[in-house]
Amino acid sequence: MRKFAAYFYFMENKRVRVRFAPSPTGGLHMGGVRVALFNYLFAKKHGGDFILRIEDTDQTRFVAGAEEYIINSLKWCGIEPSEGVGFGDGKHAPYRQSERKELGIYKKYADKLIEGGHAYYAFDTAEELDEMRKRLEAAKVAAPQYNSVSRQNMRNSLTLSEDEVKKLLDAGTPHVIRLKVPRNEEIRFHDVIRGWVVVNSAQVDDKVLLKSDGMPTYHLAHIVDDIEMEISHAMRGEEWLPSAPAHILIYRYLGMEDKMPQLAHMPLILKPDGNGKLSKRDKSGLPMFPLNWSDPRDNTDYVGYKESGFFPDAFINMLVLLGWNPGDNKEIMSKDEMIELFSLERINKAGAKFDPEKTKWFNQQYLRKKSDEELAKLFLPMIKEKGFDVSEAFAIKATKLVREKAHFVNEFWGFGSFLFITPDSYDQDVLTKRLNEQTRNFVVELTAVLTDQADFSPAVTEATFKATAEKLGIGAGQVMQLFRVVVTGVGGGPNMFEIMELIGKEESIKRMNLFLERNK
RNA sequence: GGCCCGUUCGUCUAGGGGUUAGGACACGUCCCUUUCACGGAUGAAACACGGGUUCGAUUCCCGUACGGGCUACCA
């Protein structure tokens, strides 16, 4: 408990404000959705704010349409920010970093660090940096990087004279601003999920804070924005853990450690087979994106969960349990229940492999909870697409029959096309096994009896079926599957007598006669 | 390579100094059922390894192994 003392202290004193801050460099991957989800749940749980900030500081990687895709994805998932790009500006607008850069917000902080002696100008060209790295590698330096040692041999405001620096600056020489990381200092920080983490500053490089195009890097930008937007908790992927010490230093040098959010580095989602971080090219057969995404960079179309027939609630339910659990054995949770049960302390440390099978199971669970009416609304357009103009009432009855074994609504047609189409072929295995003179006679007899029967309700037709079998001295079980093939063409499916009721007497009799004609 | 993080059934996980190590997915068997599915029952299946600490370690500590992440004027 002791380890969370600081955290609880924080909670009592500051309004919870969290953010999801993706870069518009491509479609929002399901790993990103999960980070957004955890932020959202935490904000809702504590009655706080959830902000969408767009971190578009890398102009070379900007992808048109990515921002809109992110917004649409969050909407579909029901993870709606209360503030930010696409969700209504709050008092901290703008929420796009490129726009904030125009306002000079980041430069101000970078200058403050320079003034304090904690950052410096560096004029090195890409070639010079490359050369440095090669030199260090050749010298077998364990960690070749721009740091307290190597910067002494580079062209920066720490090695150049004041006059030279001024001259270069006045001449508009391209330059960056780098963080001046101390040579040997223990940097200690607390992570809500991982506890205390200690890193020596010798491992941290002199990170670029402001790029030569005037844009801030992530390192500077997110800190400035988190301070200005009064972020209370910074939840992000584990891939940020190694740069967290540099971030601690920046807060410290800015004199704003008191404004630093609580850090929470979340475990990554791993590939289902083999190892490694889940990637957009995963071949598990399941989507990696919430919505269809056409990537302009590689000209590839990626299918989405939505278009694959997933319910958004099932999707986020699956996601929330990758690295978090409520502590009991509860697995199926509504969004409100997730909010109620969510806590940062119950997030795991280890990465979680994504399981496609279980993902499908979640969708099945949600499908089973929906009414025939709800599902029929989704099924009806698919029926019409196949060219069958049936009533909603018919679709509801069809849904009732075909829903049982389905994981997805888009499987309905495959499980019950015979409800709409008169079969033109029959399961040969069943015929080989079950069709003989005696059983064919049974079909002849049953057809005759049913033709004269007005009441086609399941109970009545079933009784007739059994009575006819008994009369001919055949067990009902002997002819049931054959009869199923007669009417539907296939050997499995929903209750036969309910199928007959739905397709109606006329169609049923027609199919039986058709079968007899085709199998003399 | 260096640094950081991690390691309970195949997978997601609960648990935590003394437990028959629990649940879920998937898999096997049985029951229910005209079939499939659902449901029910049941089976197989895990504390990475080695040292400590301790009366006792899966749980705490240290190593090792393995896995992951980072190592850009990308986020």
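Below, read A as the first sequence line, B as the second, and so on, with proteins coming before strands; counting in each chain starts at 1.
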**Q.** Watson-Crick/G-U partner (both atom distances under 3.5 Å) of B:rA65
**A.** B:rU7

Q: Rounded to the nearest angstrom, tell me the gap between atom OH in A:Tyr218 and atom C1' in B:rU71.
A: 17 Å

Q | Residue whose closest nucleotide on RNA chain B lies nearer the 5' end, A:Leu268 versus A:Asn200 | A | A:Asn200

**Q.** A:Trp196 and A:Phe189 aromatic centres sub-6.0 Å
**A.** no

**Q.** A:Arg297 CZ to B:rC74 P, straight-line distance once rounded to whole Å
**A.** 16 Å

Q) Along nucleotides 31-41 of chain B, 5' to 3', which nucleotides get a B, which get an S, and which get a -, given that the test is a protein heavy-atom distance under 4.0 Å? A) ---BBBBS---

Q. Does A:Thr25 offer a backbone N or O that forms a donor-acceptor pair with the side chain of A:Ser23 under 3.5 Å?
A. no

(Q) Is a donor from one side chain sitting under 3.5 angstrom from an acceptor on the other, for A:Arg346 and A:Asn325? (A) yes

Q: Specify the residues of residues 120-148 of chain A, ordered by number, for which at least one heavy atom lies under 4.0 angstrom from an atom of RNA chain B.
A: A:Asp124, A:Leu129, A:Arg133, A:Ala142

Q. Between A:Phe483 and A:Phe465, how do the two ring planes meet: parallel, tilted or perpendicular, split at 30° and 60°?
A. tilted

Q) Whom does B:rA57 pair with, Watson-Crick or G-U wobble, provided both distances fall under 3.5 Å? A) none

Q | A:Lys397/A:Glu501 ion pair, N-O < 4.0 Å | A | no

**Q.** Separation of B:rC73 P from A:Ile177 CD1 (nearest whole Å)
**A.** 15 Å

Q.
Please report whether the ring centroid of A:Trp293 lies less than 6.0 Å from that of A:Tyr69.
A. yes

Q: Taking the six-membered ring of A:Tyr146 (Phe, Tyr or Trp), confirm whether the NZ or CZ of A:Arg178 is under 6.0 Å from its centre and within 45° of its axis.
A: yes

(Q) Let's go through A:Arg96 and A:Asp225 carefully: what are the C-alpha distance in whole Å and the side-chain angles of both, what is the deciding distance for salt bridge (Lys or Arg N to Asp or Glu O under 4.0 Å) to 0.1 Å, and is it a yes or a no? (A) CA-CA 10 Å; A:Arg96 252 181 227 103; A:Asp225 288 341; over 6 Å; no

**Q.** Partner nucleotide, any strand, of B:rC27 [Watson-Crick/G-U, under 3.5 Å]
**A.** B:rG43

**Q.** Whole angstrom value for the distance that separates C1' of B:rG6 from CE of A:Met266
**A.** 15 Å

Q) So, does A:Arg194 use its side chain to make a donor-acceptor pair with the main chain of A:Ala264 at under 3.5 Å? A) no

(Q) Would you measure the distance from the C1' atom in B:rG18 across to the matching atom in B:rG39 and give it in whole Å? (A) 38 Å

**Q.** Pairwise C1' distance, B:rG43 and B:rC9 [rounded to whole Å]
**A.** 14 Å

Q: Please check if any side-chain donor atom of A:His222 sits under 3.5 Å from a side-chain acceptor atom of A:Arg236, or the reverse.
A: yes

Q | Whole-Å distance separating the CD atom of A:Gln203 from the P atom of B:rG2 | A | 11 Å

Between protein and nucleic acid, restricted to nucleotides 10-15 of chain B and to nitrogen or oxygen atoms under 3.5 Å apart, what atom pairs and distances do you find?
residue: B:rC12; atom: OP1; partner: A:Lys353; partner atom: N; Å: 2.9
residue: B:rC12; atom: O2'; partner: A:Leu321; partner atom: O; Å: 3.1
residue: B:rU13; atom: OP1; partner: A:Gly323; partner atom: N; Å: 2.7
residue: B:rU13; atom: O3'; partner: A:Asn325; partner atom: ND2; Å: 2.8
residue: B:rA14; atom: OP1; partner: A:Asn325; partner atom: ND2; Å: 2.7
residue: B:rA14; atom: OP1; partner: A:Asn348; partner atom: ND2; Å: 3.2
residue: B:rA14; atom: O3'; partner: A:Arg346; partner atom: NH2; Å: 3.3
residue: B:rG15; atom: OP1; partner: A:Arg346; partner atom: NH1; Å: 3.2
residue: B:rG15; atom: OP1; partner: A:Arg346; partner atom: NH2; Å: 3.2

**Q.** Whole-Å gap separating P (B:rC4) and CG (A:Asp191)
**A.** 15 Å

Q) Could you give the CG-to-P distance, from A:Asp225 to B:rA75, as a whole number of Å? A) 13 Å

Q. In Watson-Crick or G-U wobble terms, both distances under 3.5 Å, what is the partner of B:rU20?
A. none

Q.
Does a side-chain N or O of A:Thr57 approach OP1 or OP2 of B:rA75 to a distance below 4.0 Å, or not?
A. yes

Q) Quick one: is B:rU71 close enough that its OP1 or OP2 comes under 4.0 Å of any side-chain N or O from A:Lys207? A) no

Q.
Both conditions, 6.0 Å and 45 degrees, for the charged tip of A:Arg511 above the ring of A:Phe515: are they met here?
A. no

Q) So, A:Ser150 side chain and A:Gln145 main chain: donor-acceptor pair closer than 3.5 Å or not? A) yes

